[in-house]
Amino acid sequence: MNDPYFVVALIPPLLFSITNVIDDKLLGNSLREANIGAVFVMSGLLSLLPLPVIAWIEPDVCVALIHIPLLVITGILNLGIVWFYLKAL
């Protein structure tokens with residue numbers, strides 16, 4: 001157990017399992033009769049929170065115009081993943 005990479009490798013599955021439990025409880029207890037749209041919108045909006053922090057820490061960050069469509073496509077695919085994930089719960 002002297003290898004620190006083993007402990008680091010255990011962190012993502014632990015965090016994913018905690019996220020699954022929280023999402024299951026959230027959808028099961030409070031939002032079962034409602035649509036998953038509220039959780040979906042909150043997921044999308046919460047992903048915008050780090051942007052001002054990143055801009056404050058590193059104000060020289062600039063995105064080339066050619067990369068903007070790729071970032072939009074990545075965001076749409078990410079929201080698609082969240083949609084199917086929430087539907088599966």
Side-chain angles (χ1 to χ4, degrees):
M1 194 78 172
N2 294 334
D3 194 13
Y5 294 113
F6 179 75
V7 177
V8 172
L10 291 177
I11 293 172
L14 176 69
L15 293 178
F16 283 130
S17 63
I18 291 171
T19 302
N20 283 335
V21 170
I22 291 172
D23 286 342
D24 188 42
K25 294 296 181 191
L26 181 65
L27 289 175
N29 294 341
S30 60
L31 296 175
R32 182 55 66 193
E33 61 276 350
N35 196 354
I36 64 168
V39 178
F40 184 70
V41 169
M42 287 303 294
S43 173
L45 292 177
L46 287 176
S47 64
L48 295 176
L49 284 179
L51 294 179
V53 175
I54 293 170
W56 180 69
I57 292 173
E58 188 63 44
D60 296 332
V61 172
C62 182
V63 178
L65 290 177
I66 195 160
H67 294 147
I68 291 175
L70 295 173
L71 292 172
V72 169
I73 292 170
T74 303
I76 291 170
L77 290 174
N78 190 17
L79 285 176
I81 290 168
V82 170
W83 177 263
F84 288 117
Y85 167 73
L86 292 175
K87 283 297 226 186
L89 287 178

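If you read the sequence from its start, that first residue is 1, and numbering goes on from there.
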_Rounded distance (nearest 0.5 Å) linking atom CG of Leu14 with atom CD1 of Ile11_ = 8.0 Å
*Which value, rounded to the nearest 0.5 Å, describes the distance between Leu71 atom CG and Asn78 atom CG?*
12.0 Å
*About how many Å separate CG of Leu79 and OG1 of Thr74, when rounded to the nearest 0.5 Å?*
11.0 Å
*Leu65, Val72: one ILVMFWY side-chain cluster at the under-4.5 Å cut-off?*
yes
*Please indicate whether Ile66 has more than 12 foreign heavy atoms, meaning atoms of other residues, nucleotides or ligands, lying under 6.0 Å from its CD1.*
no
_Single-linkage hydrophobic cluster Ile81~Phe16, side-chain heavy atoms < 4.5 angstrom_ = no
